[in-house]
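Read through the structure below, which is laid out as structure tokens, and then see the notes.
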Amino acid sequence: MAASAAAPRTVIENCAIATVDAGDTEYASGHIVVTGNRIESVGPGKAPGNLENVVRRVDASGHLATPGLVNTHHHFYQWITRGLATDHNLFDWLVALYPTWARIDEQMAYSAAQGSLAMMARGGVTTAMDHHYVFPKGSGDLSGAIIRAASEMGVRFTLARGSMDRSEKDGGLPPDFAVETLEGALAATEETIDKHHDASFDAMTQIAVAPCSPFSVSTELLRQGAELARRKGVRLHTHGSETVEEEKFCHELFGMGPTRYFESTGWLGEDVWMAHCVHMNDSDIEAFARTKTGVAHCPSSNARLAAGIARVPDMLRAGVPVGLGVDGTASNESGELHTELRNALLVNRLNPAHREAALTARQALRLGTYGGAQVLGRAAQIGSLEPGKLADLVLWKLDTLAHASIADPVAALVLGAAAPVTLSLVGGEPVVEDGRLLKVDEDAIARSTRSEAQRLARIAARA
């Protein structure tokens, strides 16, 4: 449905534009007209001069306009456990940190979500996602706290309501006190969907069903979780094929690799996306392509935990939907998605099978925008600058010392230093201006996250 002509208009002019549409249309100097919460027009040169009800004009000289960045994998609560277990692989890292994570409460989850969201929003993220799977008994309304933080920040948001029911006594990694029961996890997930999921075109909050991983959930939770998601019409998310240890775990416990195991439980399909997918063979990639199962590529986290290099170029060539993820900030302390554009390009060029032909700067930008929208099931609404889509867009300042001598603005954004965000709109509403968040006090968030990190550390130490 098109925006009403009577709605207020914002006109942005004189900027380079990378639309990331199907033809990768770009303008060296162009305009964008936003009407209400939708993009009305995008094109070269100045906007039409006879537009009515223009409430704001932005001279964006020296800037690049792109779709807002879309984050496809994160764990917000980890904001208050950054900088720990810095020299561990995934399994050792999880064993080291689960006892601390299992003691979070509602205030900690809210504060950590604020920190995670603030860092991403300042860096151009307009659609965020959180995979939250730690629900200690008596910890309060963690899902509600996370959703409230996203709403206050003003960003579009998907909460992947996670769960774990395979603890140490069952051969899993989480401590026994850190997991839910099968029945409890399914009931709480359904309640979260019923309370918070919005299926509308311009939805600000959506919910996905997201059991944590093969080594922390039972086969029955995966199977019944998939049935629940499809009954409710929501998407499915989990971790998959992240490390060689996971591959070994699946073969020992289930007699098959992760992809075959997921397929046996109903976890391949166009309504599914998985984080990492580092250790995928040709048949795994073919299965993802055949079923249109999506991938959240997290290059910094994969490097931090020495997981390996995902075969992103091969996935893209096969037709697998791929987006970018920050991942939890206990394995990517920067917490920023715009740096993942650069890291995705650089890390994939280290793969000797592809080297300099792995990814281009424009492919990296597509991963962080339209690719993310595909993975979250929202490519019809966001991810590219096209008339009729939601007005989620970012103006990157590229005329300073850091970028001014790079002629190609997309190369400047992807390969250069992290570019400042002059303006970020979500549904036409400003969320960031001149590098500062508009709807929240980021200095107060910094103080709160430090305080909650210290409180959690004290509680964990006593335990």
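Residue numbers start at 1 and run along the sequence shown. The analysis underlying the following values was restricted to heavy atoms, covering all of them including side chains, and did not include hydrogens, waters or symmetry mates. Only a predicted model underlies this, so the values are computations on that prediction, with no experimental measurement involved.
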[X] and [Y] ion-paired at < 4.0 Å:
X	Y	value
Glu433	Arg122	no
Arg362	Asp24	no
Asp105	Arg455	yes
Lys389	Asp21	no
Asp202	Arg156	no

In terms of heavy-atom contacts, does [atom1] of [X] have more than 12 from other residues, nucleotides or ligands at under 6.0 Å?
X	atom1	answer
Arg450	CZ	no
Glu152	CD	yes
Glu191	CD	no

Donor-acceptor pair, [X] side chain versus [Y] backbone, under 3.5 Å?
X	Y	result
Arg378	Gln374	no
Asp92	His88	no
His132	Asp130	no
His239	Cys212	yes
Thr19	Thr25	yes
Thr329	Asn332	no
Ser451	Arg447	no
Arg103	Ala457	no
Arg9	Val54	no
Thr72	Leu324	yes

Checklist entry - Could Arg82 and Trp79 be counted as a cation-pi pair, given that NZ or CZ must be under 6.0 Å from the ring centre and within 45° of the axis? => result yes
Next on the checklist: A cation-pi test, strictly: NZ or CZ of Arg148 under 6.0 Å from the centre of the six-membered ring of Tyr110 and no more than 45 degrees from its axis. Yes or no?
Outcome noted: yes
Next on the checklist: I'd like to know whether Leu365 forms a side chain to side chain contact (heavy atoms under 4.5 Å, CB included) with Val20, so could you lay out the CA-CA distance, the side-chain angles of the two residues, the decisive distance to 0.1 Å, and finally the verdict.
Outcome noted: CA-CA 8 Å; Leu365 177 60; Val20 199; 4.0 Å; yes
Next on the checklist: Evaluate Glu386 against Val42 for side chain to side chain contact (heavy atoms under 4.5 Å, CB included), listing each step before the verdict.
Outcome noted: CA-CA 7 Å; Glu386 300 181 75; Val42 184; over 6 Å; no
Heavy-atom side-chain proximity of [X] to [Y] below 4.5 angstrom:
X	Y	answer
Val272	Arg235	no
Thr126	Val394	yes
Asp165	Thr181	no
Ile309	Val278	no
Tyr370	Pro67	no

Checklist entry - After noting the C-alpha distance and the side-chain angles of Arg304 and Thr86, does the key distance pass the side chain to side chain contact (heavy atoms under 4.5 Å, CB included) rule? => result CA-CA 8 Å; Arg304 160 80 150 80; Thr86 56; 4.0 Å; yes
Next on the checklist: Between Phe76 and Phe157, is the ring pair (Phe, Tyr, Trp, His ring centres under 6.0 Å) condition met? List the steps.
Outcome noted: CA-CA 12 Å; Phe76 289 175; Phe157 181 55; 5.8 Å; yes
Next on the checklist: Exactly one of Met153, Met204, Lys439 should register a side-chain contact (heavy atoms from CB on, under 4.5 Å) with Val426. Which one does?
Outcome noted: Met204
Checklist outcome for this item: Between Ala121 and Val155, the two heavy atoms sitting closest are CB-CG1, 4.1 Å
[X] [atom1] to [Y] [atom2] distance, which is reported to the nearest 0.5 Å:
X	Y	atom1	atom2	answer
Glu340	Leu345	CD	CG	12.5 Å
Met164	Leu221	CE	CG	11.0 Å
His74	Met120	NE2	CE	4.0 Å

Checklist entry - Step by step, would you call Val326 with His73 a side chain to side chain contact (heavy atoms under 4.5 Å, CB included)? => result CA-CA 6 Å; Val326 170; His73 186 64; over 6 Å; no
Checklist entry - Relative to each other, are the rings of Tyr133 and His131 parallel, tilted or perpendicular (30° and 60° limits)? => result perpendicular
Next on the checklist: Could you go through Asp399 and Lys397, starting from their C-alpha distance and side-chain angles, then the distance that decides it, and tell me whether this counts as salt bridge (Lys or Arg N to Asp or Glu O under 4.0 Å)?
Outcome noted: CA-CA 6 Å; Asp399 60 358; Lys397 188 171 178 59; 2.9 Å; yes
